[in-house]
Undergrad: 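Before anything else, here's the structure in question.
Remember, it's a predicted structure, so these values are computed and weren't measured experimentally. Numbers here are sequence positions counted from 1. What's counted below: heavy atoms across the whole structure, side chains too, no hydrogens, waters or symmetry copies.
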Amino acid sequence: MIEKENRRLRVGVLGCGPIAQFAHLESCVKARNADLYAICDAAPDLLARMGATYEPQKMFSDYDAMLADPNLEAVIVATSDAYHVPMSIKALEAGKHVLCEKPIGVSVEEGEQLAEAVKRSGKILQVGHMKRFDPALQAARDFVRDDIGQILALKAWYCDSTHRYTNTDAVQPLPITSKLARKPAGNLKADLRQYFMLAHGSHLVDTARFFCGDIVAVRARLLERAGAYCWFAETEFANGALGHLDLTVAVRMDWHEGFQLYGENGSVLAKTFNPWYFRSSEVEIFHEKDATTRKPLGADGHFFRRQLEGLADTALKGAPMQGANVEDGIASIRAMVAIARSVESGERVELAAVTGAV
């Protein structure tokens with residue numbers, strides 16, 4: 001059991017749907033430095049069932065009412081993508097810190113609007129790129145930052161599997177749903193290019209930036225064949241390193257995610273598992289100076305709880321922010337928009353020049 005700290009961040013979760021049930025509600029209960037103070041959902045049956053299960057101090061059917069509670073300190077925005085920006089802005093304007101599910105938005109302009117709200121509020125906004133809290137990936141990032149020297153190249157891939165739901169249905173609890181759940185207008189999967197890029201490409205892009213820094217330009221191709229979508233994106237990093245990103249949905253094999261990173265003083269090989277296994281990545285860190293390979297165990301694979309603890313440490317103690325901030329979120333949107341524009345034009349696209357939506 002994790003030992004609880006005396007001072008804990010009082011958190012409200014907006015949305016009691018699958019992502020909240022699979023990740024965020026449990027994280028609030030398990031976190032060493034946070035409490036599930038409140039939950040909010042428009043569906044009364046779902047709100048009642050999640051309230052009975054997780055026992056928050058407060059339950060709200062109205063988001064404004066939850067934000068008006070002076071004891072609430074932070075909000076986890078666990079809603080559909082279309083609500084991320086407006087719900088985050090409301091929380092910031094109410095003086096609450098925010099952990100917002102990724103992606104923070106679907107357009108560059110939305111991201112910039114949110115960044116302005118963060119600046120005005122003086123509050124913390126952390127984007128839910130939970131892979132940054134994979135302890136084995138953190139060990140690899142520390143090696144890349146401190147010891148690898150100049151980075152030569154990164155090859156990274158995120159390949160969803162045709163067997164993904166067979167795997168995850170076996171390990172996840174049965175999600176509780178409601179016919180009264182509030183959903184955005186239209187079919188979220190009407191444009192599969194956009195849907196897959198936002199849902200999966202945001203992880204791939206953030207992993208690349210986590211290790212190699214800012215992406216300045218991309219040249220991308222997309223092939224749609226046999227019901228699958230495959231993006232290959234050649235990336236240029238601000239530090240001069242080269243990158244190759246592979247986003248494929250879905251491969252006819254097991255979940256296939258990871259990267260190879262080559263540097264001046266060593267290399268990193270990483271295999272990342274489906275997140276719902278709550279298993280840290282398998283990482284090999286090769287040190288050229290003594291020709292040895294080290295493999296961090298990363299026993300604590302609850303990335304969602306760890307990201308909440310990171311937010312709470314920053315909010316309560318002023319600790320340096322470990323997670324992705326709003327600028328990281330905007331950079332992810334810019335990269336995904338640039339990939340989409342490059343696919344359309346066949347040309348190299350600079351991230352600084354893009355506008356609009358993915």
Undergrad: Count the heavy atoms belonging to other residues, nucleotides or ligands that lie under 6.0 Å from CD of E109, then report whether that count exceeds 12.
TA: yes
Undergrad: Tell me whether R225 at atom CZ has more than 12 heavy atoms from other residues, nucleotides or ligands lying less than 6.0 Å away.
TA: no
Undergrad: Is it true that a side-chain atom of S267 and a backbone atom of Y262 form a donor plus acceptor pair closer than 3.5 Å?
TA: no
Undergrad: Would you indicate whether the side-chain heavy atoms of V268 and F143 approach each other to under 4.5 Å?
TA: yes
Undergrad: For C230 and D246, work out which heavy atoms get closest and say how close.
TA: SG-OD1, 4.2 Å
Undergrad: Salt bridge between D41 and R182, side-chain N to carboxylate O under 4.0 Å?
TA: no
Undergrad: Run the side chain to side chain contact (heavy atoms under 4.5 Å, CB included) test on L67 and K90 for me, step by step, so that the C-alpha distance in whole Å, both residues' side-chain angles and the decisive distance to 0.1 Å come before the verdict.
TA: CA-CA 8 Å; L67 293 179; K90 272 197 167 192; 3.8 Å; yes
Undergrad: Examine the side chains of Q21 and R49 and answer whether a donor and an acceptor come within less than 3.5 Å of each other.
TA: no
Undergrad: Taking all heavy atoms of A357 and all of V337, pick out the closest pair and write down the distance.
TA: C-CG2, 3.8 Å
Undergrad: Show, in sequence, the C-alpha distance, side-chain angles and deciding distance for D206 and K102, and conclude whether the salt bridge (Lys or Arg N to Asp or Glu O under 4.0 Å) test is met.
TA: CA-CA 10 Å; D206 190 69; K102 60 81 201 163; over 6 Å; no
Undergrad: Are side-chain heavy atoms of L125 and V127 found at a separation under 4.5 Å?
TA: yes
Undergrad: Would you check, one step at a time, whether the test side chain to side chain contact (heavy atoms under 4.5 Å, CB included) holds for H97 with V75?
TA: CA-CA 6 Å; H97 303 296; V75 172; over 6 Å; no
Undergrad: Among side-chain atoms of S280 and D134, is any donor-acceptor pair under 3.5 angstrom?
TA: yes
Undergrad: So R209 and D214, salt bridge (Lys or Arg N to Asp or Glu O under 4.0 Å) or not? Walk me through it.
TA: CA-CA 6 Å; R209 295 187 65 257; D214 288 334; 2.8 Å; yes
Undergrad: Does K119 have more than 12 heavy atoms from other residues, nucleotides or ligands lying within 6.0 Å of its NZ?
TA: no
Undergrad: Assign the ring pair Y229 / F196 to parallel, tilted or perpendicular, where the plane angle (0 to 90°) is split at 30° and 60°.
TA: perpendicular
Undergrad: Does any non-hydrogen side-chain atom of D160 lie less than 4.5 Å from one of W255?
TA: yes
Undergrad: Say whether, by atom type as modelled, one donor and one acceptor occur between the side chain of Q57 and the main chain of A38 under 3.5 angstrom.
TA: no
Undergrad: Taking all non-hydrogen atoms of both residues into account, name the closest pair between P296 and I285 and its distance.
TA: CD-CD1, 4.3 Å
Undergrad: L46 and M59: same hydrophobic cluster, using ILVMFWY side-chain contacts below 4.5 Å?
TA: yes
Undergrad: Tell me, do K295 and V283 make a side-chain contact under 4.5 Å, heavy atoms counted?
TA: no
Undergrad: List the steps and the verdict of side chain to side chain contact (heavy atoms under 4.5 Å, CB included) for I330 and E327.
TA: CA-CA 5 Å; I330 295 172; E327 296 301 332; 4.0 Å; yes
Undergrad: Apply salt bridge (Lys or Arg N to Asp or Glu O under 4.0 Å) to K317 and list each qualifying residue two or more places apart in sequence or on a separate chain.
TA: E5, D313
Undergrad: Test side chain to side chain contact (heavy atoms under 4.5 Å, CB included) on L154 and Q260; report intermediate values, then the result.
TA: CA-CA 6 Å; L154 170 79; Q260 300 176 359; over 6 Å; no
Undergrad: Just to verify, which of E257, H200, K131 counts as forming a side-chain hydrogen bond (donor to acceptor under 3.5 Å, both in side chains) with Y158?
TA: H200
Undergrad: Decide if the gap between the ring center of W276 and the ring center of Y165 is smaller than 6.0 angstrom.
TA: no
Undergrad: Main chain of A319, side chain of T314: is a donor-acceptor contact present, judged purely on distance under 3.5 Å?
TA: yes
Undergrad: Does H256 reach the main-chain N or O of V251 with its side chain, forming a donor-acceptor pair under 3.5 Å?
TA: no
Undergrad: Let me see the working for H84 and E110 under side-chain hydrogen bond (donor to acceptor under 3.5 Å, both in side chains), right down to the final yes or no.
TA: CA-CA 10 Å; H84 287 177; E110 269 192 322; over 6 Å; no
Undergrad: Under the 3.5 angstrom rule, does the side chain of N265 hit a backbone N or O of D147 as a donor-acceptor pair?
TA: yes
Undergrad: Could you check, using the six-membered ring where one of them is a Trp, whether F232 and W157 have ring centers closer than 6.0 angstrom?
TA: no
Undergrad: Say whether, by atom type as modelled, one donor and one acceptor occur between the side chain of H244 and the main chain of T235 under 3.5 angstrom.
TA: no
Undergrad: Is there a side-chain contact between I215 and E236 (heavy atoms, below 4.5 Å)?
TA: no
Undergrad: Could you tell me whether R164 atom CZ has more than 12 heavy atoms of other residues or ligands within 6.0 Å of it?
TA: yes
Undergrad: Which atom names give the shortest non-hydrogen contact between K30 and I2, and what distance separates them?
TA: O-CD1, 3.8 Å
Undergrad: Salt bridge between R221 and E234, side-chain N to carboxylate O under 4.0 Å?
TA: no
Undergrad: With a 4.5 Å cut-off on side-chain heavy-atom distances among I, L, V, M, F, W and Y, is there a chain of contacts connecting L36 to V98?
TA: no
Undergrad: Please give me the minimum heavy-atom distance between G12 and L72, naming the atom from each residue.
TA: N-CD1, 3.2 Å
Undergrad: Spell out, yes or no, whether F237 and F259 are grouped together once hydrophobic residues are joined by side-chain heavy atoms under 4.5 Å, including indirect joins.
TA: yes
Undergrad: Report yes or no: does S80 contribute a side-chain atom to a donor-acceptor pair with the main-chain N or O of A82 at less than 3.5 Å?
TA: no
Undergrad: Would a single hydrophobic cluster contain both V354 and L114, if residues Ile, Leu, Val, Met, Phe, Trp and Tyr are joined by side-chain heavy-atom contacts under 4.5 Å?
TA: yes
Undergrad: What do the steps show when you test D35 against R8 for salt bridge (Lys or Arg N to Asp or Glu O under 4.0 Å), and what is the final call?
TA: CA-CA 6 Å; D35 282 333; R8 301 189 291 275; 2.8 Å; yes
Undergrad: Please verify the inter-ring angle class for H129 with H203; under 30° counts as parallel, over 60° as perpendicular, anything in between as tilted.
TA: perpendicular
Undergrad: Name all residues meeting the salt bridge (Lys or Arg N to Asp or Glu O under 4.0 Å) criterion together with K155; count only those two or more places apart in sequence or in a different chain, and write none if there are none.
TA: none
Undergrad: Please name the residue in the list R10, K123, K96 that meets the salt bridge (charged side-chain N to carboxylate O under 4.0 Å, His left out) test with E73.
TA: R10
Undergrad: Is it true that a side-chain atom of Q138 and a backbone atom of R132 form a donor plus acceptor pair closer than 3.5 Å?
TA: yes
Undergrad: I need the minimum non-hydrogen distance between S61 and C40, along with the two atoms involved.
TA: C-SG, 4.2 Å
Undergrad: Same cluster or not: are V249 and L223 linked, directly or through other Ile, Leu, Val, Met, Phe, Trp or Tyr residues, by side-chain heavy atoms under 4.5 angstrom apart?
TA: no
Undergrad: What residue among V13, I39, V11, L25 forms side chain to side chain contact (heavy atoms under 4.5 Å, CB included) with P56?
TA: I39
Undergrad: Please determine if R193 and E224 form a salt bridge, counting it only when a charged side-chain N lies under 4.0 Å from a carboxylate O.
TA: yes
Undergrad: For R348, is the CZ atom crowded, meaning more than 12 foreign heavy atoms sit under 6.0 Å from it?
TA: yes
